[in-house]
Amino acid sequence: MRTQVFVLGLGPAGASAAAEAARRGAQVLAVDRKREAGRPVQCAEFVPALVGTDVDNLAGSVRQGIRGMMTFVEDDAPDVQRDFPGQMLDRAAFDAALAARAEQAGAQCRLGVSIRRISPAGRAELSDGTAVEAEVIVGADGPRSLAGRAIGQINTALVETRQLTVPLRMPHQATDIFLSAEIPGGYGWLFPKGAVANLGAGVDPAHKAQLKRIVEQLHAALTESGRVGGEVLGLTGGLIPVGGMLQPQGLLGDRLVLLAGDAAGLTHPISGAGIAAAVHSGRLAGQAAAGWIAGDRAAGADYQDELESVFKVALERAVRRRVELGRAHASGARPGKPALRRGWIAYPEYWAA
Ligand SMILES: Cc1cc2nc3c(=O)[nH]c(=O)nc-3n(C[C@H](O)[C@H](O)[C@H](O)COP(=O)(O)OP(=O)(O)OC[C@H]3O[C@@H](n4cnc5c(N)ncnc54)[C@H](O)[C@@H]3O)c2cc1C
């Protein structure tokens with residue numbers, strides 16, 4: 001099968017890329033191994049207010065507003081940041097709406113099909129036996145991107161996560177963050193979503209064996225304090241790339257490969273937030289793909305420049321903070337509260353030189 005633009009993955013990055021390239025007149029095929037766009041959900045579903053500038057009305061998928069952030073450092077009383085606006089999404093509805101927009105724009109979207117392999121010449125082999133040849137490949141296939149692997153751009157630093165959906169006993173309008181030396185390489189969270197909440201934690205993969213216990217303990221403590229119910233209504237998890245930005249473009253033969261979202265390492269290495277970056281980079285990738293099809297040979301390099309101008313400084317700072325915290329853990333000494341604060345975006349220490 002031949003197409004101009006082949007998009008791997010129909011998450012926020014892939015759906016945004018497919019929609020943008022199709023809107024600009026390119027012939028687009030996008031595939032995802034999920035049978036239903038957005039399901040299963042592997043996300044805590046918070047987006048900062050600014051994401052609305054990329055997606056009108058957030059595709060009708062907002063479930064509740066968020067006003068602030070409460071950060072709990074070890075057993076201290078929480079530090080409250082009142083001005084941290086955002087929204088809690090229904091991520092399945094959000095992804096499904098973005099995929100529907102891509103189809104409306106003219107992209108051909110196929111669900112329930114896996115990409116098995118990308119050859120060194122850029123030919124993609126799919127699980128249904130089809131082989132796809134495209135002028136541009138957009139790798140929006142998440143943290144372990146096959147497109148990224150094909151051009152030697154691999155997310156090596158990752159965080160492992162585990163998340164429960166639990167009943168929320170009292171309404172809440174903040175994202176709660178739990179920082180502790182007992183959660184190495186990550187943090188715990190409680191994000192409210194109406195009558196339920198997403199309660200989870202992420203850790204460095206070396207500590208994956210402790211993740212279940214960490215989440216159980218957080219759940220038990222929050223149940224005891226009366227904030228959440230003891231029932232577990234859902235369980236999910238997944239990988240978050242935390243090594244910072246990869247080189248988001250390359251060539252396979254004469255085909256342009258563009259990476260977007262998690263595949264490009266755009267997830268914030270400290271907060272793990274990646275939805276907004278996925279949508280934004282996806283749109284830019286779709287634009288670059290259409291530009292390449294129209295004969296613009298600088299489209300790949302321009303895409304990289306644009307991503308660097310938007311994301312590089314913030315991602316580099318976050319990587320530095322991760323490395324500092326990682327050193328504290330590796331030395332065997334538990335990071336103290338000052339080190340934990342310096343490693344979290346809510347504190348001025350994080351933003352200091
Ligand atoms: C537990 C958890 C909580 C998170 N919480 C938040 C949060 O609150 N806020 C936030 O902003 N970010 C959060 N993130 C990160 C966020 O989910 C990602 O950054 C975001 O989904 C990236 O979008 P994407 O389109 O790049 O990748 P994805 O959403 O991962 O989409 C990639 C798509 O590619 C498909 N795919 C992959 N490989 C193949 C293949 N071989 N064949 C076919 N299809 C394939 C997948 O099925 C998937 O649909 C969280 C992540 C996790 C794991």
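In this text the structure is predicted, and so the values were computed from the model without any measurement. Atoms within each ligand, like the ligands themselves, are counted from 1 in listed order.
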Glu45, any N or O under 3.5 Å of ligand 1 N or O
yes

At less than 4.0 angstrom from any non-hydrogen atom of Gly261, what atoms of ligand 1 do you find?
26 (O)

Counting from 1 in the order shown, the ligand 1 atoms closer than 4.0 Å to a non-hydrogen atom of Ala140 are 32 (C), 33 (C), 34 (O)

With only distance considered, is Gly274 within less than 3.5 Å of ligand 1 through an N or O on each side?
yes

Side chain of Gln64, backbone of Gly194: donor and acceptor closer than 3.5 Å?
yes

Does Ser145 reach the side chain of Gln153, with side-chain heavy atoms less than 4.5 Å apart?
no

Measure Asp32 to ligand 1 on non-hydrogen atoms and call it side chain, backbone, both or neither using the 4.0 Å cut-off.
both

Could you pull out, from Leu10, Ile118, Ile115, the option with a heavy atom nearest to atom 41 (N) of ligand 1?
Ile115

Quick one: nearest non-hydrogen protein atom to atom 23 (O) of ligand 1, plus distance?
Ala278 CB, 3.4 Å

Do any nitrogen or oxygen atoms of Ile275 lie less than 3.5 angstrom from nitrogen or oxygen atoms of ligand 1?
yes

Any side-chain donor near an acceptor of the partner, Trp344 and Glu349, under 3.5 Å:
no

So which protein heavy atom does atom 31 (O) of ligand 1 come closest to, and at what separation?
Gly11 CA, 3.6 Å

Polar contact flag for Pro12 and ligand 1 (N/O pairs, less than 3.5 Å):
yes

Answer yes if the side chains of Gln287 and Arg283 hold a donor-acceptor pair under 3.5 Å, and no otherwise.
no

Closest to atom 15 (C) of ligand 1 by heavy-atom distance, out of Ala273, Gly272, Cys43, is Gly272

Which of the numbered atoms in ligand 1 are below 4.0 angstrom from a heavy atom of Lys34?
47 (O), 49 (O)

Is the shortest distance from a heavy atom of Ile240 to ligand 1 less than 4.0 Å?
yes

Hey, what do you get for CG (Leu218) to CD1 (Ile183), rounding to the nearest 0.5 Å?
6.5 Å

Could you see which bit of Leu146 sits under 4.0 Å from ligand 1, with heavy atoms only: side chain, backbone, both or neither?
side chain

Connected via hydrophobic side-chain network under 4.5 Å: Leu325 and Tyr187:
yes

Contact atoms of ligand 1, heavy-atom distance to Phe46 under 4.0 Å:
7 (C), 8 (O), 9 (N), 10 (C), 11 (O)

Mark up the atoms of ligand 1 that fall under 4.0 Å of a heavy atom belonging to Gly9, in ascending order.
33 (C), 34 (O), 35 (C)

How does Thr161 reach ligand 1, if at all, at less than 4.0 Å between non-hydrogen atoms: by side chain, backbone, both, or neither?
side chain

On the six-membered ring of Tyr350, is Arg342 placed so that its NZ or CZ lies under 6.0 angstrom from the centre and within 45° of the ring axis?
no

Options Arg33, Gln163, Arg91, ranked by nearest heavy atom to atom 29 (O) of ligand 1, top entry:
Arg91

